[in-house]
Structures are given as structure tokens and as C-alpha cells.
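Remember, it's a predicted structure, so these values are computed and weren't measured experimentally.
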Amino acid sequence: MRRVNPFFPSLSMFNKIPFSLICRNRFHPTLGRNCHLLAKPVSISNVNVNFFAVDKIRNLSVVATAAKSPLNTSTTKEMSNKARRKLQRESPEGLLKFKLDMCSKHGKLKEALCLYDEGSSNGVSLKLHHYNVLLYLCAREASGDGGEVNELKELGLKRGFEIFQKMISDKISPNETTFTSMARLAVAREDPDMAFELVKQMKSLGIPPKLRSYGPALFGFCEKGNAEKGYEVDAHMAESGVMPEEPEFSALLKVSVDRKKVDKVYEMLQRLRATVRQVSESTLQIIEDWFKSEDAAKVGAESWDVKKIKEAVVGGGGGWHGQGWLGNGRWRVVRTKMTKNGLCQSCGEKLVCIDIDPKETENFAIKLTELACHKEVKADFVQFQEWLKQHGPFDAVVDGANVGLIKADTFNFYQLNNVVNQLRQMSPSRRSPLVILHQSRVTGGPARITNNRNLLESWKRAGALYATPPGSNDDWYWLYAAVSCKCLLVTNDEMRDHLFQLLGTSFFPRWKEKHQVRLSMTRNGLMLHMPPPYSIVIQESESGNWHVPPITDNDILNPRQWLCASRSRTNKTS
């Protein structure tokens, strides 16, 4: 039987919360890194307590708010918005909010608790935001994210539950952030069951859980070695439409390896392949340890239907079959490299190039257009689309600013022209690639030099230069051109900033892998490095071998080392 510390409340505390629908306002506070509030707090009630009619509750809330408000209604109407906001900021509640936000920003739990105690003794009315900041800081320290000071961990754990109880007694409706902080506190007291129950309660009450809401319970169960409970959380995430990311898959993979759940190990590898594609070093180490284990050596089919396996590979788009472990005996596990043609230098198998559905490219172009028109002046971008229809398609698009500044203090037109000439020679039609440059690059600075001006004029006459308008972000232009023309994109831009994150993590990395041409500086100038003829993704071969790529910095001159796990090919097949 698990020992329950009498210092902390039991799970029953969360099942007997007489919440009322009090607050329907929107909140947009900042609670520090990796902590954001749900846009609309949702009220909840105990299942044993009858729900009040929404209209009645709303009326009660209005009456209560009016009774507490220090402002006369007529005065409020006459007051400007600016004056009203100033009054709110300078009120006791507003000043406490500001000070707590500063404590959150700098991770000062003790100072925040002193402010809370002082405010409570002075009768300051705390709102949802106040409580969420306090609970976040308590959970942060209790989880060990703030450091390794045991005193602060115990303080965060003790005061966190106390503050939550006070929040309930004040009839403040929690939101997703509240539940997530409480789930973290529950796991900090080594009670992942409580954390999971909190997530279940969220969903039953109409509060959509996020990935971070499930994290405490999932990681808590996995760290305790409770694989079945971890799988239960995973299933609940799927029901809620929440997609795990590498940390969650890695935790599930490790507990599956530790508990010798061989089918689950296979499942997690397939899910990593489908969603993450390339893994961090810590996950790669778990995979490597699995293939080196005795359990991995014992599992696998001695014979299989070759035709069925091939059909599964074709049906899945290539690079996997999903039919389970093939072969038997110990695995040969090595870190190795691929040749330029995708041949594994360890087992000799050739990696495949997994095709992209043309419909996906079309949908991606539509999404890209919508985002660009939202971020850019719509008329400017529409004008570019019309220009592209008239002058395109192209075999390649060049990010002119990026290419012209590689290893250069000032913009180098000679360097850019060298790349343009190389691409023209490679083009089946010997056509120049499309060069995208900002207007300022075309009219100012080095562009005024006669030779450079002549060069720009020759590109314009060939219909191979587009100058993006002042104030625009040329990234949208060269990316859209490459996607719509289904052609190569020449740039060393890793495309990792906020703009590209808007495009998602599913299709975009696959598109980049097949279309981006990178460059390196040599004695003879810039050298083009074409996209690899194989997909950089976890691959399972028809013979049962596995190849796992780690995440790298895309160092062109230092190819990545893959993990290769292979077995003897003497296994009988049918």
C-alpha cells in the first residue's frame, strides 16, 4: 500500500470540488517559459453537485462582480479606456498581478509566496491569473525545474496544494493551466495516478487537455516502470486528439524496452518513424540499447511471406512494412554513414526515397499562400503570383540574399552569378533559375556598380529576376516560388525561425529534404550540394534491417552517422 503523507491532500480533494461558473473572461498572461494559459477558462462542478442553469450563474456572477466593484457604473461609462486600465493597474489586484508576473519571470517562489500571504492578509481579491502564477511557481520548484534545493522543492509542494485549496474555497474556476500545474505537483509527490485523474477530469468537464497536460502523468508512470499505465495515458491522448512528440515516444519506448514489451517496442519505433523521422541522441541510445539486448535477439520471425512484405512496403509509400520483427538471432549494431547514393556502408542495403503525395504539395502551396497574404501586403504577393504564372515555371529558385552573403562581408554579385551559371548548365532546358532579391539589393549598394548593374539587367531581360517590394520578407517569395514550381530551392537558410514554424512539422521537413540545395565554399567558389537521393527518416527494410538517423546540424562536409541494426540474411523466406 502506498504511504500517504498526511501533510498533503488525497485524491478525494479533487473529487469534491464545489466549483461554480464564475469567470468567462479571456486571459492572456505570460507565466514564463513553456507555460501559457488557455484562452477561455471553463467552469466545472462536482459530479455530485447539480449544475446550475447557465443564465442563473451568469446573473449571480454579474451581481457578485457589481457588488465588489469599487467603481460606480455611471462613473465607469464616462471613464476612458486608458483611465480604466490605469485604475486597474494601480488597484491592489493589479499591483499584485504585476509583482507576481515579475516573480514568475525570474523564478522567485519565496518572494511570490510573501506577496500572496501579504495580499491575503490585506483582503486583496485574487483572480485566476494570480492563482495560476503561484501554482506554476510551486510546481516549477516541486518538480525540480528551478534547481536542486530541497527546501524549495518541499516549499513548492506544501504551499501548492494549500493555494489550490484556497482557490477552490474562493470559488475560482480553474482552467487548463491550473490543472497542468496541479498535475505536475501530483507527480512531484510521486502520485502519477492523481495527475492522470486530473487530466480525465479536465476532459470530462469540457476543458481540452494539451500535450503538456498529459506529460506529468505519462512521464511519471514511465519513470516508475509502470508500462501499462503509460500505455493507458497514451491511449487517452489519442482519444483527445493530442499527438505525442519525441520526449513522450522516447519515454514510452524506454519503459517498453525495460519491461520487455517487444511488440510495443516495435510499435513505438514505427510511430517515431512516422512522426519524428530523425531522433535525438538520447532516443538513439535507447534504440541502440534495445537492438544490443538479449530480448531483441530472441524476437523475430524465422520465415515470412516475401510477397506480403513487398506489398506492405509499396502500400505504405516505401521505407517500412510494419509486419513485425523479421529474422532471428543477435543484431549487428553499428554507427555508420551512407554513400552519396544512399548505400549503407555497414550492411550494404540501399535506403529508399519516399515519395511525396502531389496532393500534399498542392495543399501546402495553398496554406503557404494564405500565410503569406496574411503576413505580407496581399496586393504585393498576389502581384508576384501573377508574375510567376507569366514567367514560370523554373527549374530552380535562388535565395539571392543568402547566396550573395555566404562567406562575404558585403553582397557578392560575382558569387551569386557563379551559382546561377552552374544551375543553368544543370537545367535540361539551359534556362536560368529564378533569382529572388529584395528591392534594396537591386537598386542600392553594390548594385550600383556597372558590372553588377549589367548583370541584374541581363537577369531581368531573361525574366529570371524578381525584386520583392520594400517592407516585405523575401522568404515568403522564394519559398512559394519553389513550392509552386515544384523545383529546387538554393539556400543555406535552415528555415527554422518563427515564420517557417507556422508551416508545421509534418510536410515541410519532407519537402525541404527533397528540394533544398545547400552550398559550401571551396577554392573554386561555391559548390552545390544536391538533395540526397534517399529519405532521411527511420527506415525498415524488406529484409528486416533498421536504419535510424540522428538529428544533426546539417554539416555538409561532415555527413551524419546513422544507426544500422542488421541480421544475417541466411533466414529462410517463403
Side-chain angles (χ1 to χ4, degrees), residues 9 13-14 17-44 61-62 64-71 84-143 145-146 152 155-185 198 202 207 212-213:
M13 177 184 107
F14 298 96
I17 303 173
F19 297 122
S20 300
L21 185 57
I22 293 176
C23 179
R24 300 181 72 88
N25 294 327
R26 290 184 179 271
F27 293 83
H28 295 282
T30 301
L31 297 185
R33 186 177 61 182
N34 298 327
C35 192
H36 311 279
L37 291 184
L38 192 66
K40 182 168 69 176
V42 180
S43 300
I44 64 178
S61 300
V62 171
T65 304
K68 292 180 181 179
S69 174
L71 302 175
R84 191 182 299 114
R85 287 194 296 268
K86 181 180 179 183
L87 190 61
Q88 289 173 348
R89 286 196 304 270
E90 295 177 353
S91 67
E93 292 81 7
L95 292 172
L96 178 58
K97 176 183 180 297
F98 174 77
K99 291 177 181 178
L100 286 177
D101 285 345
M102 290 299 99
C103 290
S104 175
K105 182 178 180 179
H106 299 290
K108 295 181 178 180
L109 174 61
K110 286 185 176 180
E111 185 176 326
L113 291 174
C114 288
L115 290 167
Y116 164 69
D117 292 335
E118 181 183 353
S120 297
S121 63
N122 292 333
V124 177
S125 178
L126 271 67
K127 308 299 182 186
L128 178 64
H129 180 80
H130 299 104
Y131 281 114
N132 274 336
V133 173
L134 290 161
L135 291 174
Y136 162 70
L137 283 169
C138 287
R140 179 177 181 270
E141 294 297 344
S143 303
D145 293 346
L152 284 178
L155 180 65
L157 201 54
K158 172 180 179 293
R159 296 302 303 274
F161 282 100
E162 287 179 2
I163 290 168
F164 183 70
Q165 286 180 314
K166 180 65 167 57
M167 177 180 174
I168 300 312
S169 68
D170 284 348
K171 296 182 174 58
I172 301 296
S173 299
N175 64 3
E176 182 271 333
T177 294
T178 316
F179 276 105
T180 298
S181 292
M182 292 311 299
R184 294 180 68 193
L185 283 166
L198 284 165
M202 285 174 63
I207 304 176
R212 66 176 189 174
S213 309

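Closest heavy-atom contact between Glu93 and Ser125: CG-O, 3.1 Å. The two residues Cys103 and Ala112 make their nearest non-hydrogen contact at SG-N, 3.7 Å. In terms of heavy-atom proximity, Ser213 sits nearest to Glu176 at OG-OE2, 2.8 Å. Between Ser181 and Ala139, the shortest heavy-atom contact is O-CB, 3.6 Å. In terms of heavy atoms, Gly156 sits closest to Ala142 at C-CB, 4.2 Å.
If you check the side chains of Ser104 and Asp101, you find no donor sitting under 3.5 Å from an acceptor.
Interatomic distance, Arg212 CZ to Thr177 OG1, rounded to the nearest 0.5 Å: 4.0 Å. Atom CD1 of Ile172 is separated from atom CE of Met167 by 6.5 Å, given to the nearest 0.5 angstrom. A distance of 11.0 Å separates CG of Leu109 from OH of Tyr136, quoted to the nearest 0.5 Å. Separating the NE2 atom in His129 from the NZ atom in Lys97 is a distance of 4.0 Å, to the nearest 0.5 Å. Asn132 CG to Leu100 CG: the interatomic distance, rounded to the nearest 0.5 Å, is 11.0 Å.
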Applying side-chain contact (heavy atoms from CB on, under 4.5 Å), run through Leu137 and Lys108 and close with a yes or a no. CA-CA 8 Å; Leu137 283 169; Lys108 295 181 178 180; over 6 Å; no

Would His130 and Tyr116 satisfy side-chain contact (heavy atoms from CB on, under 4.5 Å), going step by step from the backbone distance to the final call? CA-CA 9 Å; His130 299 104; Tyr116 164 69; over 6 Å; no

Applying side-chain contact (heavy atoms from CB on, under 4.5 Å) to Ile163 and Leu113, what does each step give before you reach the verdict? CA-CA 10 Å; Ile163 290 168; Leu113 291 174; 3.7 Å; yes

Under the side-chain contact (heavy atoms from CB on, under 4.5 Å) rule, what do Leu155 and Glu141 come out as? Steps first, then yes or no, please. CA-CA 8 Å; Leu155 180 65; Glu141 294 297 344; over 6 Å; no

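Contact annotation: the side chain of Leu134 never approaches that of Leu115 to less than 4.5 Å [non-hydrogen atoms, C-beta and beyond]. At a threshold of 4.5 Å between non-hydrogen side-chain atoms, the residues Leu135 and Arg184 do not count as touching.
Under the side chain to side chain donor-acceptor pair (under 3.5 Å) criterion, Arg159 pairs with Asp117, Glu162, sequence neighbours left out. Looking at residues two or more places apart in sequence or on another chain, you find a side chain to side chain donor-acceptor pair (under 3.5 Å) between Tyr131 and Asp170.
Side chain of Thr178 to main chain of Asn175: a donor-acceptor pair is present (N/O by atom type, distance under 3.5 Å, no hydrogens or angles).
For the pair Glu111 and Lys99, the salt-bridge criterion is not met [side-chain N within less than 4.0 Å of a carboxylate O].
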